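Let me begin by presenting the structure, written as structure tokens, before commenting on it.
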Amino acid sequence: MSGNSTQKFFVTTPIYYVNDQPHIGHAYTTLAADVTARFHRLAGRDVFFLTGTDEHGQKVAQSAAAAGITPQQFTDNVSQNFRDLTKLLNFSNDDFIRTTEPRNIAAAQALWQAMAKAVSPDGQPAIYLGSYSGWYAVRDEAFYDEAELNDGPDGGKLAPSGAPVAWVEEPSYFFRLSAYGDALLALYEAEPDLVAPSSRRNEIKSFVKGGLRDLSISRTSFSWGVPVPGDEKHVMYVWLDALVNYIAALGFPEKGEGSPYDRFWPADLHLVGKDIVRFHTVYWPAFLMAANLPLPQRVFAHGWWTIEGQKMSKSLGNVIAPSQLVETYGLDQTRHLLMAEVPFGNDGDFSHKSAIRRINADLANGIGNLAQRTLTLIQKNCEAAVPEPGQFADQDKILLDAAYSLYRNVEADLRLQSFHEVLRAIWSVIAGADSYIDRNAPWALKKTDIARMGTVLYVLAETLRALGIVLQPFMPETMARLLDQLAVPADKRDFAALGEAGSLVPGTALPPPQGLFPRIVEAE
RNA sequence: GGCAGCGUAGCUCAGUGGUAGAGCAGGGGAAUCAUAAUCCCUUGGUCGGGUGUUCAAAUCACCCCGCUGCUACCA
């Protein structure tokens with residue numbers, strides 16, 4: 001089916017840890033992936049968009065025990081919250097993987113076996129059995145150096161996070177990460193786009209340059225995990241069975257010609273939060289190198305949201321649930337807000353005041369008002385049908401060309417995850433259209449030059465059509481309504497229909513216009 | 001402490017050697033097709049401070065002040 005001519009695009013979100021309720025941060029990452037996936041689909045590419053949940057580990061087992069249910073029941077419940085989030089925000093993921101599914105377990109064991117057979121760059125086995133000891137905080141699922149610890153109240157020790165730690169010692173398999181430093185540094189040099197933004201690349205490079213220690217990749221102290229093949233007392237350390245999800249969802253270890261793995265791996269883009277960059281740009285490539293599998297093309301780490309200037313935290317009680325945003329502002333308003341408000345990769349602040357300002361300025365006063373005034377003029381003055389254009393003047397061509405070339409002009413920024421730049425470029429066309437409509441005053445032309453009025457309104461309708469098409473990745477639902485109001489057929493809504501290939505046909509009947517984005521008026 | 005980065009208009013930021021920019025906010029005017037939305041014009045910055053290199057520095061170098069990230073297994 002998919003010939004060589006069809007490009008593919010595989011985009012992933014992290015799998016979200018089920019010990020947490022979905023919040024604005026999760027929604028943000030998956031939204032960026034959704035916009036990316038929708039964009040590439042409209043460009044005619046073969047897209048696979050994956051998200052899911054991370055469900056193993058000691059903390060999950062303990063939370064389940066505390067709730068008096070089995071880990072499986074516990075993860076079933078919480079995973080569903082994340083699945084619901086994809087519906088709530090209209091995400092178009094092609095799959096939703098859970099690390100507890102048989103396919104993920106099978107993939108994790110296959111990856112383990114491939115790594116276990118491998119020889120690291122220093123000529124030794126890539127995986128070996130040793131023992132791990134250290135100060136461990138269950139709550140953080142993290143080991144800490146002695147130097148980091150503080151004295152607790154009852155003579156115990158506390159992690160920097162305040163979590164109690166205990167000295168643990170257990171047999172553990174290790175991955176010989178220490179042997180992969182040079183290969184990783186060479187990778188960062190050869191593939192400068194692998195780690196983005198560049199500030200993260202610098203951090204990762206200096207981290208690797210500082211020397212890598214071998215990585216403990218199994219535990220015997222709990223059992224809620226993937227059994228290590230051939231030594232079932234051990235379960236895999238959570239990050240190994242988490243990262244493998246990206247290929248498990250493609251059917252790995254099945255990798256024959258025509259398989260999803262063959263079609264989509266390596267990933268074109270792993271979107272991650274800045275806290276898990278290292279896992280994706282150090283451990284994951286090293287695992288793949290050991291298993292002799294291709295490496296992802298790009299890992300992009302976005303920033304954090306603060307809320308009204310404050311860090312989001314459970315103790316402050318200011319964690320924002322995505323459902324709350326959608327209720328307050330509307331679905332597509334929320335999607336636009338998150339993508340437009342902050343350069344992706346930077347930290348940003350969410351405030352109610354600036355949310356309203358942006359939604360009213362960009363959506364109600366911007367694209368919404370432009371659509372409303374144009375469609376109303378056509379409705380009233382052109383017998384509710386697409387007007388007949390005459391010869392295009394230079395200014396007509398300039399506006400049309402700007403609108404038609406949007407896809408071409410924003411693709412580079414889209415590929416760099418500069419979503420706010422993509423939107424900025426689109427909004428400059430909206431501003432151009434508003435300027436055009438005022439300069440040409442079609443409401444005055446109807447008395448002086450009815451033919452010219454038709455041309456002006458046609459140009460505006462065509463501009464709206466292009467805007468509607470290009471904005472679909474960001475606001476799919478509302479842009480569908482806009483394209484409905486322009487009577488654009490379902491098969492003329494992709495990027496190939498931009499320009500004259502999909503031009504509106506004069507005389508086509510148009511439905512009565514309906515507002516796209518209501519203005520938000522604050523109660524005093 | 002070490003490494004990396006940031007500090008530009010009220011706010012968020014773009015701009016890496018050649019007469020200071022955008023969006024939003026503020027002010028004035030126009031228009032009235034439209035969700036009182038829109039358009040045009042405009043106020044506003046000694047580009048954190050200092051020294052230096054240069055014919056020329058927000059842009060390069062050094063110093064100082066302030067802030068941030070990373071420094072091993074936490075979205």
Side-chain angles (χ1 to χ4, degrees), chain A residues 13-17 19-26 28-29 54 57 59 132 134 136-137 139-145 148 159-161 163 177 197-217 237-239 272-279 282-283 303-305 312 319 340-343 346-349 351 353-354 357-358 360-366 368-381 420-421 424 427-428 431 433-446 453 457 460 513-521:
Chain A
T13 75
I15 42 172
Y16 301 113
Y17 199 49
N19 221 32
D20 212 354
Q21 292 296 312
H23 57 61
I24 187 174
H26 303 107
Y28 189 47
T29 317
D54 179 14
K59 198 153 70 172
Y132 196 90
Y136 186 70
R139 203 170 87 194
D140 299 344
E141 272 200 356
F143 280 90
Y144 291 96
D145 279 343
E148 298 179 84
S161 63
L177 184 64
S198 57
S199 53
R200 300 291 163 203
R201 183 172 68 240
N202 290 341
E203 286 175 9
I204 290 299
K205 276 164 75 173
S206 74
F207 173 78
V208 174
K209 273 182 192 157
L212 295 171
R213 301 208 287 262
D214 289 347
L215 195 65
S216 168
I217 53 168
Y237 171 59
V238 64
W239 272 104
V272 298
K274 64 184 183 181
D275 55 323
I276 53 174
V277 182
R278 186 192 305 147
F279 301 99
V282 181
Y283 305 163
W304 281 175
W305 287 93
M312 186 166 62
V319 175
E341 188 74 353
V342 176
N346 291 11
D347 285 350
D349 184 55
S351 79
K353 195 174 156 193
S354 70
R357 193 165 56 191
R358 178 166 291 281
N360 282 341
D362 289 358
L363 301 182
N365 304 350
N369 184 240
L370 176 65
Q372 186 73 12
R373 63 198 307 208
T374 300
L375 292 169
T376 303
L377 283 164
I378 290 174
Q379 191 74 201
K380 287 183 182 165
N381 303 308
H420 71 296
E421 290 291 351
R424 186 186 297 193
W427 252 262
S428 79
D434 268 328
S435 175
Y436 173 90
I437 196 170
D438 267 63
R439 265 199 323 276
N440 287 282
W443 50 89
L445 286 172
K446 79 179 166 193
M453 180 197 75
L457 292 178
L460 286 164
Q514 293 180 336
L516 297 177
F517 298 105
R519 157 167 278 271
I520 299 177
V521 182

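Hydrogens, waters and symmetry mates play no part in the numbers below; they use all other heavy atoms, side chains included. On a predicted model such as this, the values are computed, not experimentally measured, just so you know. Chain A is the first sequence line, chain B the second, and so forth, proteins listed ahead of strands; every chain is numbered from 1.
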| said: Check the phosphate of A75(B) against Lys274(A), side-chain N and O only, distance under 4.0 Å to OP1 or OP2. Yes or no? | reply: no

| How would you label the contact of Gly211(A) with the nucleic acid (heavy atoms, under 4.0 Å): base, sugar-phosphate, or nothing? | base

| query | NA contact type, Leu375(A), heavy-atom cut-off 4.0 Å: base, sugar-phosphate, or nothing? | reply | nothing

| query | Whole-Å distance between C3(B) P and Lys205(A) NZ? | reply | 16 Å

| query | Rounded to the Å, how far apart are Asp434(A) CG and A37(B) P? | reply | 13 Å

| said: As an exercise, state the distance from OG1 of Thr374(A) to CD1 of Ile437(A), rounded to the nearest 0.5 Å. | reply: 4.0 Å

| request: Determine the interatomic distance between P on C63(B) and the same-named atom on C55(B); round to the nearest Å. | output: 24 Å

| task | Considering only atom C1', compute the distance from U16(B) to C60(B) and round it to an integer number of Å. | result | 9 Å

| field | Which residues share a ring-ring contact (aromatic ring centres under 6.0 Å, His included) with Trp443(A), sequence neighbours left out | value | none

| query | What pair of heavy atoms forms the shortest contact from Ser354(A) to Glu341(A), and how long is it? | reply | OG-OE2, 3.0 Å

| Do any side-chain nitrogens or oxygens of Ser435(A) fall under 4.0 Å of OP1 or OP2 in C40(B)? | yes

| What's the CD1-P distance between Ile520(A) and A37(B), to the nearest Å? | 13 Å

| field | Counter-base of G10(B), judged by Watson-Crick or G-U geometry with both distances under 3.5 Å | value | C24(B)

| Contact class for Phe279(A) vs. all strands (heavy atom < 4.0 Å): base, sugar-phosphate, or nothing? | sugar-phosphate

| query | What's the spacing between Asp434(A) CG and Arg439(A) CZ if we round to 0.5 Å? | reply | 11.0 Å

| remark: Result for 5'-nearest mapping on RNA chain B, choosing between Ala364(A) and Val342(A), is Val342(A)

| task | Rounded to whole angstrom, note down the C1' distance from A30(B) over to A37(B). | result | 15 Å

| query | Under a 3.5 Å cut-off for both distances, is U35(B) Watson-Crick or wobble paired, and to whom? | reply | none

| task | Would you kindly give the CH2-to-P distance between Trp304(A) and C74(B), to the nearest whole Å? | result | 12 Å

| task | Let me see the working for Phe207(A) and Leu212(A) under side chain to side chain contact (heavy atoms under 4.5 Å, CB included), right down to the final yes or no. | result | CA-CA 8 Å; Phe207(A) 173 78; Leu212(A) 295 171; 3.7 Å; yes

| Going from CG on Asn346(A) to NZ on Lys274(A), what distance comes out if it is rounded to the nearest 0.5 angstrom? | 9.5 Å

| message | Between G48(B) and U8(B), how many Å separate the two C1' atoms, rounded to a whole number? | response | 10 Å

Below 3.5 Å between N/O atoms, which protein atoms pair up with nucleotides 23-30 of chain B? Just atom names and distances, please.
unit_1 : atom_1 : unit_2    : atom_2 : d
C24(B) : O2'    : Arg357(A) : NE     : 3.2

| said: Tell me whether the side-chain N or O atoms of Tyr132(A) pair up with the base of C73(B) as donor and acceptor below 3.5 Å, since no angle test is needed here. | reply: yes

| Salt-bridged, Asp438(A) to Arg373(A), with N to O below 4.0 Å? | yes

| request: Take the protein atom CD1 of Ile217(A) and the nucleotide atom P of A72(B), then report the distance between them rounded to whole Å. | output: 20 Å

| message | Using atom P in both nucleotides, what's the gap between U42(B) and G5(B) to the nearest angstrom? | response | 39 Å

| query | Separation of Asn369(A) atom CG from A31(B) atom P, in whole Å? | reply | 19 Å

| task | Would you please indicate yes or no on a ring centroid separation below 6.0 angstrom for Tyr283(A) and Trp239(A)? | result | no

| C62(B) - base-pair partner by Watson-Crick or wobble geometry, distances under 3.5 Å | G50(B)

| request: Remember a base hit wins even if backbone is also touched, and classify Asn365(A) as base, sugar-phosphate or nothing at under 4.0 Å, heavy atoms. | output: sugar-phosphate

| note | The answer to which of Leu212(A) and Asp347(A) contacts RNA chain B further toward the 5' end, by nearest nucleotide, is Asp347(A)

| request: Give the rounded distance in Å between these two atoms: CG of Asn346(A) and P of C13(B). | output: 7 Å

| task | Could you tell me whether the side chain of Tyr17(A) has a donor or acceptor atom within less than 3.5 Å of a complementary atom in the base of C74(B)? | result | no

| remark: Sorted by chain and number, sequence neighbours left out, salt bridge (charged side-chain N to carboxylate O under 4.0 Å, His left out) with Arg357(A) holds for none

| said: Need one value for Gly368(A): base, sugar-phosphate or nothing, where a base atom within 4.0 Å counts as base even if backbone is also close, heavy atoms only. | reply: base

| task | Using atom CD1 of Ile204(A) as one end and atom P of G5(B) as the other, report the distance to the nearest whole Å. | result | 15 Å

| message | What contact category does Arg439(A) fall into here, base, sugar-phosphate, or nothing, at under 4.0 angstrom with non-hydrogen atoms? | response | nothing

